[in-house]
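Single-structure report; data block below.
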Amino acid sequence: MWWVLLSSLRCIHYSPSSHPAPLCVPELGMFPELNNLLNTSPEGAEQGKLTLLCDAKTDGSFLVHHFLSFYLKANCKVCFVALVQSFSHYNIVGQKLGVSLTAARERGQLVVLEGLKSAVDVFFQPQEEPHPLQFLREANAGDLQLLYAFVRDALEPVDGGEAVWRCPVLLVDDLSALLSLGMGPVAVLDFVHYCRATVCREWKGNVVVLVHDSGDAEDEENDVLLNGLSHQSHLILRAEGLATGFCKDVHGQLRILWRRPLQPTAHRDRNLTYQYKIQDKSVSFFAKGMSPAVL
Amino acid sequence: VTPSEGVRRGSGRILAMLESLLALGGLVLLRDSVEWEGRSLLKALVKKSALCGEQVHVLGCEVSEEEFREGFDSSINSRLVYHDLFRDPLSWSKPGKVLPGGPLEALKALDKRTGSGPVTIALDSLSWLLHHLPCPTLCQTLHALSHQDSCPGDTPPGEQVRVLGLLHEELHGLGPLGALSSLAQTEVTLSGTMGQASAHILYQRPRQRPTHQTQWFSILPDFSLKLQAEPLLESQPRSDPHTPSVDPTTHLTFNLHLSKKEREAKDNLTLPFQFSSEKQQALLRPGLGQATSHIFYEPDAYDDLDQEDPDDDLDV
């Protein structure tokens, strides 16, 4: 209950003019450099992939903003399950990247489940239909079937009509919040399993999820979730804080791991590591130890 | 060992690894991790069984049928029966295609396979089954599946049942891992170093001591296995070929290089405290035109100026 009250407070206090900036990470922008590292572009994005974003000792939400703007620019239909921040927060960041989430939502390209607002509705509004976050009300929440149903209805390709959007994309920020809300790791894994089966396999779309890595804090459930997802993912992007602590010029390290290549022994670099610095509208990447500030 | 002998021995060992994994029958446990995945080895074993003429039943929970069949040619695919638990294992779908009994029944149904002859059952993956079934139930069902008759002599070798189970190590605690380990006749743990995969194999033959073996291998795109030699331990890690070799001395605000003239001037400079022969000569001989030095002293008022040498009365 306390989480719901907290979220309702956040909704009340929020107003566009007094948007609280994230504490340590400045506002972000679209990252052509990250596209280069991943060998991808909005025009030539791969399909049918599960991408796992994780962060350890740092804030990896810049990756979420990147993929959100990336897939909107790639003309994909996006279903965004936003459990951690309000819609306006993502909108403001998105504008720096050059996409307008409000416009995308109005033209039907973007469907957003605003977790913070919807959670309040579950408790204080009469529910005629089952709500995707229904599990908040239930004492023994079994599974995330209703959330999956929401995603499926949002992204289902319209029969008979011509394909307006390129491919469906599901973006979740973030799955660790579901663990905090009382779901077991197997339930969350099942939810991602069904999303993968439907969105990736059946509809040839993509799924991008963010999970926090507890690191030293022993969180067995989070570890099961993280490892289970790692086994299923095609691409893992891991943002880590520097082992030596906070640094003004190097905000962290990004590890890129390609898994499940089509060929078991494909000569593709499976594991790359770069360091990065987040700036106002972009993120610059460089090889380890090669930050311009330290040369 | 001549090169040709080595090759022949090597190819003998290639067959030996897959065959020996399949030879014991019963449960073959493949333990993999995020870094060293085991599905390729599972598919290699499936391919080997199919090539030996066996029927292969795959209980697929983690990947779709198309993805599992990818890389196999038609002769193998025709012997492969895929039981799909990937698309809708928990009956969430809209049309409500109910899988009667859920995963457990699907697993038990494999026991009632039709047809005679040796059968290989591949479980992809045991981790998924462990997450959705209680561990004792799963162990009992596995035992029934892979159970060989109490008198091994009764069952002709052709009727052996092999169960290949893929297990993701990090997802389970020691209890379930230990339970499955004790059920297995052969246990393969995948790891590796420096990009080279290795398999640590533990054979538990009945009434014999367990034997260990470590093989370095790689799996080719057509899912055949290739043995590798053990990689030599290098003292330094290989430099990442994708790291651009950037010269740190470019784009600096200060100059690190010397021009020729500057270098000559530097070499010709004598340092002030360096004792060279020229300096020695200059000190020994007063230079031409160098005035002798005088000391000018203004005595103070209370000074006692005595021209005598104060040491004169010393009797030295």
Side-chain angles (χ1 to χ4, degrees), chain A residues 37 48 52 142-149 152-153 156 184-187 189-191 193-198 200-202 220 223-233 236 256-257 259-274 286-292 294-295, chain B residues 32-35 37-41 43-44 61-67 70-71 84-94 125 127-128 130-132 166 168-173 195 197 217-226 240-253:
Chain A
L37 293 182
L52 174 65
D143 53 36
L144 292 163
Q145 186 175 354
L146 292 172
L147 186 59
Y148 162 70
R152 194 190 53 219
D153 293 337
E156 191 155 17
V186 179
L189 282 173
D190 285 338
F191 164 69
H193 175 110
Y194 265 88
C195 292
R196 208 162 46 98
T198 314
C200 290
R201 205 65 219 171
E202 211 178 310
E220 278 178 25
D223 288 341
V224 169
L225 176 62
L226 185 59
N227 288 321
L229 283 178
S230 304
H231 276 281
Q232 298 177 16
S233 311
I236 304 178
I256 306 174
L257 176 64
R259 289 193 86 253
R260 313 240 317 248
L262 293 173
Q263 308 290 330
T265 53
H267 286 291
R268 181 160 56 159
D269 276 301
R270 297 174 72 217
N271 203 331
L272 294 178
T273 306
Y274 290 95
F286 35 86
K288 274 200 210 186
M290 295 290 181
S291 161
V294 293
L295 288 177
Chain B
D32 74 348
S33 57
V34 173
E35 216 190 324
E37 57 93 25
R39 190 164 287 115
S40 319
L41 183 59
K43 285 172 84 164
C61 318
E62 285 191 355
V63 294
S64 66
E65 185 168 356
E66 300 92 49
E67 195 176 335
E70 213 173 312
D84 193 352
L85 270 191
F86 172 73
R87 219 170 324 155
D88 191 5
L90 307 172
S91 307
W92 283 6
S93 275
K94 237 198 257 188
S125 64
S127 286
W128 193 93
L130 253 187
H131 277 152
H132 293 87
L166 181 63
H168 307 304
E169 277 187 311
E170 315 102 324
L171 302 183
H172 309 287
F217 68 97
S218 62
I219 309 241
L220 302 173
D222 66 347
F223 295 105
S224 52
L225 193 100
K226 184 175 166 202
D240 188 0
H242 267 243
T243 310
S245 49
V246 173
D247 184 13
T249 58
T250 52
H251 309 301
L252 290 174
T253 51

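Nothing here was measured: the structure is a model prediction, and the numbers come from that model. Order of the sequence lines fixes the chain letters, A, B, ..., with proteins taken first and strands second; residue numbering starts at 1 for each chain.
- For A:Gln232, the side-chain contact (heavy atoms from CB on, under 4.5 Å) test picks out A:Leu50, A:Leu189, A:Val192, A:Arg196, A:Leu229, A:Arg260, with sequence neighbours left out.
- Contact check for B:Val34 versus A:His231: side-chain heavy atoms found under the 4.5 Å cut-off.
- Of the listed residues A:Asp190, A:Asp223, A:Leu225, the one with more heavy-atom pairs under 4.5 angstrom with chain B than any other is A:Asp190.
- Looking at A:Tyr148, only its side chain comes within 4.5 Å of chain B, counting heavy atoms on both sides.
- B:Glu35 CD: 12 or fewer foreign heavy atoms inside a 6.0 Å radius.
- Listed by chain and number, the residues in a salt bridge (charged side-chain N to carboxylate O under 4.0 Å, His left out) with B:Glu62 are B:Arg39 (sequence neighbours excluded).
- Of the two parts of B:His132, only the side chain, counted from C-beta on, holds a non-hydrogen atom closer than 4.5 Å to a non-hydrogen atom of chain A.
- The contact between B:Ser33 and chain A is made entirely by backbone atoms, counting heavy-atom distances below 4.5 Å.
- Between chain A and the options B:His168, B:His172, B:Glu170, heavy-atom pairs under 4.5 Å are most frequent for B:His168.
- With a threshold of 4.5 angstrom between heavy atoms, B:Glu67 approaches chain A through its backbone and through its side chain.
- For the 3.5 Å distance criterion, the side chains of A:Thr198 and A:Arg152 fail to qualify, holding no donor opposite an acceptor.
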